[in-house]
K.L.:
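Here it is: the structure, laid out below.
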Amino acid sequence: MPPADPPVRDDERSPAPDEQSPATDERSAPGGKSAVTPTEPSSPGDESAVPVLETRGVGKRYETGGEAVEALKDVDFSLAAGEFVAVMGPSGSGKTTLLNVLGLLDVPTTGTVLLRGRDVTSLSDRERTTARKRTIGFVFQNFYLIPTLSARENVEIPRLFDRDPSTRADAEALLRRVGLDDRLEFRPDELSGGQKQRVAIARSLVNDPSILLADEPTGNLDRKTGRQILEEFDRVRDRGVAVVAVTHDPLVDEYTDRTVELVDGELTR
Amino acid sequence: MRRGFGRRFPALLMARRNLRRTTLRSVLAALGIVIGVVAIASLGMVGTAIQQTATTTLGDIGNEVVVSPAFQAGVGRLTDRDVREIERVAGNSAVVPVKSTRASVRFDPQQELATIYGMRNPGDIYTASDGRIPDPLRSGALVGADLAERLGVRPGNTITVAGDSYRVVGVLATQSGFSPVNPNSAVVLPQTAFRSTGYSQVVLTAESGRAANQTAMAVRAALNDRGQRVEIFEFASITRQIDEFFGLLNVFLLGIGFISLFVAGVAILNVMLMSTVERREEIGVLRAVGYQRTEVLRILLTEAMLLGVTGGVVGALASVLVGMALNWIALGDPLFVFQPRNVGFLLLALVVGVVVSAASGLYPAWRAANANPVDALRK
């Protein structure tokens with residue numbers, strides 16, 4: 001059952017075509033007032049029916065070299081709890097842009113993004129960062145581990161500033177879960193590609209997110225290692241975390257609940 | 001313990017690891033601060049040492065005031081009335097009226113033309129290195145250190161001054177510095193040996209340079225208010241001028257120090273900018289995993305401050321060594337470096353070093369914190 005329509009602000013729907021350029025695409029909340037427009041779920045017991053993440057009519061326009069590029073066009077996308085969705089499509093089809101919008105790293109030019117039914121489109125950078133930290137984990141093609149920190153410290157990174165004494169134990173438990181309990185104090189350059197990606201997965205899970213977003217997670221890995229990573233996602237999904245993987249890799253298809261395809265910024269399937 | 005420390009200060013942990021990643025670069029950046037801090041602190045100490053040397057030389061007479069008759073106004077002698085007036089306003093200062101002339105001094109077989117002072121109470125301003133100074137001086141003669149050496153005179157000898165014989169009761173200690181009433185090459189006789197009336201000078205010795213200045217002003221007010229009667233030669237004013245000169249010199253030296261710290265700041269700015277450009281993606285990841293801009297800012301500022309604190313502390317230690325060497329050469333006492341003024345310079349240098357580093361880190365940190373993570377993570 002879909003939730004009640006959130007109040008949508010007109011200016012979000014139809015901005016000037018070149019209002020947002022990639023360099024300045026962060027919206028600040030208008031005035032000092034919170035821009036959050038909470039949407040009440042239809043009833044408290046109904047929450048499981050609310051998609052964890054949803055986009056409505058999302059479009060994203062970039063200005064590159066005086067030329068407007070429409071990276072996303074009117075994308076409606078919905079993600080249920082514990083669902084594993086692959087976003088496939090050729091290079092330049094807007095997959096990464098979609099992932100950035102889903103991950104609250106980027107703000108759409110048009111349309112609305114709902115996180116657990118709450119409109120998060122026009123949050124301030126600080127609020128968006130907080131929401132991202134609480135609910136979303138990221139896994140990247142290039143792993144992006146901090147080379148100066150050990151595997152365990154890399155997993156602790158997202159919570160390092162919380163000064164939470166349980167972080168260390170949680171990080172170790174997560175590394176154990178991905179089979180790296182014998183590599184806790186290894187630096188990234190002492191780990192294989194598959195091990196690095198597993199550290200990255202552990203890092204994405206340390207804040208206990210409900211959504212995991214992966215950008216080409218198997219892109220830099222051989223087939224066998226890629227499978228191990230996908231199996232890891234499968235286990236993550238079993239724990240109720242929704243996973244969205246943007247990929248070229250047909251292998252991913254075998255593990256997902258559904259696959260959507262993005263062509264020239266439009267969701268076709 | 002170290003790990004616990006990093007846990008309590010996560011920004012410090014990350015900053016330390018980042019700096020260690022490019023050790024040479026970090027060391028060079030910190031070296032700039034070391035040099036700047038050493039420049040400020042040791043140049044300040046140079047100033048202190050020079051000033052100390054100068055004031056030590058002048059120290060003996062810095063609290064002396066000499067009152068002479070105003071020859072230009074036609075006053076040739078100071079009278080007993082003048083002396084009483086001076087004694088009245090002099091407060092705690094010792095007042096020694098002096099008569100003076102020049103005469104031949106003979107101690108066979110040598111003979112020399114020397115300054116002869118007549119004083120009632122020379123013990124108030126001089127000390128004896130050999131023999132004693134009777135107080136008051138009624139008979140006998142006191143011989144200045146240099147003259148006594150040239151003539152080979154010792155207490156107990158008899159010298160002839162202008163034809164009269166005097167028994168030497170004491171040899172005066174060498175007095176450093178310069179003064180219109182300098183005893184080193186002179187003979188001090190009782191005032192009764194002079195037939196003339198009036199005095200050529202009155203020497204006042206105060207407890208301190210400041211007191212000497214006050215006494216000088218009081219004497220000037222009392223004796224010169226109805227026309228110029230006396231001239232007052234006050235050494236404290238010379239010391240003050242010397243102090244002012246060295247103050248200026250110090251400011252100049254400090255200025256050089258600050259310029260080198262400024263250059264060090266530019267070096268840190270450069271290093272931090274390079275470092276943030278290189279770590280663009282890492283910083284993007286931090287933002288992606290939920291770091292606020294302020295947290296990124298904190299990490300990078302901590303990095304810059306760490307460079308500054310490390311450089312500053314090393315610089316301060318180096319400055320102490322430099323200062324000790326300097327004081328050993330200039331004053332023969334390396335420990336003289338530990339005086340409040342120099343400690344002040346050290347603290348100033350350290351604080352300025354850290355502030356300069358933090359200020360230099362501000363722009364790179366701000367830029368990195370406000371970079372768009374989407375751009376940073378674009379493949």
Side-chain angles (χ1 to χ4, degrees), chain A residues 22-26 60 62 91 96-97 99-101 103-107 125-150 153-165 167-168 187 200 203-204 206-207 209 213 215-216 219, chain B residues 1-26 275-276 278-303 306 365-379:
Chain A
T24 59
D25 57 1
E26 281 167 358
K60 179 76 190 177
Y62 287 118
S91 300
T96 300
T97 305
L99 205 69
N100 287 339
V101 169
L104 310 186
L105 277 176
D106 212 345
V107 186
D125 181 78
R126 174 166 280 276
E127 293 164 324
R128 220 151 13 94
T129 303
T130 306
R132 186 163 66 232
K133 181 174 180 177
R134 283 197 192 128
T135 48
I136 297 164
F138 277 97
V139 174
F140 304 93
Q141 177 176 6
N142 297 330
F143 326 125
Y144 285 142
L145 301 179
I146 310 278
T148 51
L149 302 180
S150 69
E153 286 165 338
N154 261 293
V155 175
E156 288 179 53
I157 275 276
R159 273 164 63 180
L160 212 53
F161 274 78
D162 298 348
R163 294 188 173 85
D164 178 351
T167 303
R168 187 180 177 148
R187 296 277 165 100
R203 177 180 67 189
S204 74
V206 76
N207 273 327
L213 302 176
D215 195 357
E216 302 279 10
Chain B
M1 196 200 104
R2 211 167 175 189
R3 190 156 283 148
F5 190 66
R7 200 151 297 275
R8 227 165 316 140
F9 301 99
L12 198 61
L13 170 80
M14 306 215 16
R16 218 181 50 215
R17 296 284 177 86
N18 277 326
L19 290 177
R20 220 183 282 162
R21 171 159 23 169
T22 52
T23 313
L24 184 63
R25 197 162 75 187
S26 307
S275 162
T276 50
E278 281 165 14
R279 276 150 52 200
R280 222 167 95 89
E281 289 151 358
E282 275 172 41
I283 292 165
V285 169
L286 291 184
R287 297 280 285 124
V289 302
Y291 275 48
Q292 298 288 358
R293 285 174 175 163
T294 50
E295 286 165 341
V296 172
L297 195 82
R298 229 156 79 198
I299 292 172
L300 293 170
L301 267 187
T302 307
E303 233 175 279
L306 207 57
W366 177 85
R367 219 173 74 150
N370 285 289
N372 188 347
V374 173
D375 293 334
L377 295 173
R378 193 166 289 155
K379 282 168 280 195

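Order of the sequence lines fixes the chain letters, A, B, ..., with proteins taken first and strands second; residue numbering starts at 1 for each chain.
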K.L.:
Looking at B:Gln292 and A:Arg126, would you say the former's side chain and the latter's main chain have a donor-acceptor pair under 3.5 Å?
P.N.:
yes
K.L.:
To the nearest 0.5 Å, tell me how far A:Phe161 CZ sits from B:Leu286 CG.
P.N.:
8.5 Å
K.L.:
Just by modelled atom types, is the B:Ala288 backbone N or O under 3.5 Å from a matching donor or acceptor in the A:Arg132 side chain?
P.N.:
yes
K.L.:
Provide the closest heavy-atom pair for B:Val285 versus A:Tyr144 in the form atom of the first, atom of the second, distance.
P.N.:
CG2-CB, 3.1 Å
K.L.:
Give, for atom CG of B:Leu377 and atom CG of A:Leu105, the distance between the pair rounded to the nearest 0.5 Å.
P.N.:
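With rounding to 0.5 Å, CG (B:Leu377) is 6.5 Å from CG (A:Leu105).
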K.L.:
Rounded to the nearest 0.5 Å, what separates atom CG in A:Asn100 from atom CG in B:Asn372?
P.N.:
8.5 Å
K.L.:
Most heavy-atom pairs under 4.5 angstrom with chain B, which of A:Gly103, A:Pro147, A:Pro209, A:Gly137?
P.N.:
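Ranked by heavy-atom pairs under 4.5 Å with chain B, first place is A:Pro147.
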K.L.:
Considering only heavy atoms, which portion of A:Arg159 lies under 4.5 Å from any heavy atom of chain B: side chain, backbone, both, or neither?
P.N.:
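Neither part.
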K.L.:
State, to 0.1 Å, how close A:Leu160 and B:Pro10 come at their nearest heavy-atom pair, and which atoms those are.
P.N.:
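Looking at all heavy atoms of both residues, the shortest contact is O-CG, 3.4 Å.
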K.L.:
Is the shortest heavy-atom distance from the side chain of A:Asp125 to the side chain of B:Arg287 under 4.5 Å?
P.N.:
yes
K.L.:
Measure the spacing between CD1 of A:Ile146 and CZ of B:Arg21 and express it to the nearest 0.5 Å.
P.N.:
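If I round to the nearest 0.5 Å, the distance is 7.0 Å.
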K.L.:
Drop me the distance from B:Glu295's CD to A:Thr129's OG1, to the nearest 0.5 angstrom.
P.N.:
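Spacing of CD (B:Glu295) from OG1 (A:Thr129) equals 9.0 Å.
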K.L.:
Counting only heavy atoms from other residues, nucleotides and ligands, does the tally under 6.0 Å from CZ of B:Arg25 exceed 12?
P.N.:
yes
K.L.:
Can you say whether A:Thr97 sits under 4.5 Å from chain B via the side chain, the backbone, both, or neither, judging by heavy atoms?
P.N.:
neither
K.L.:
If I take atom CG from residue B:Asn18 and atom CG from residue A:Leu149, how far apart are they, to the nearest 0.5 angstrom?
P.N.:
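Reported to 0.5 Å precision, the distance equals 7.5 Å.
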K.L.:
Considering non-hydrogen atoms only, spot the tightest contact between A:Thr148 and B:Arg17 and give its length.
P.N.:
O-NH1, 3.2 Å
K.L.:
Report which part of B:Arg298 has an atom under 4.5 Å of a heavy atom belonging to chain A: side chain, backbone, both, or neither.
P.N.:
side chain
K.L.:
Select, from B:Thr294, B:Val289, B:Ile299, the one with the greatest count of heavy-atom pairs under 4.5 Å involving chain A.
P.N.:
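Ranked by contacts with chain A, first place is B:Val289.
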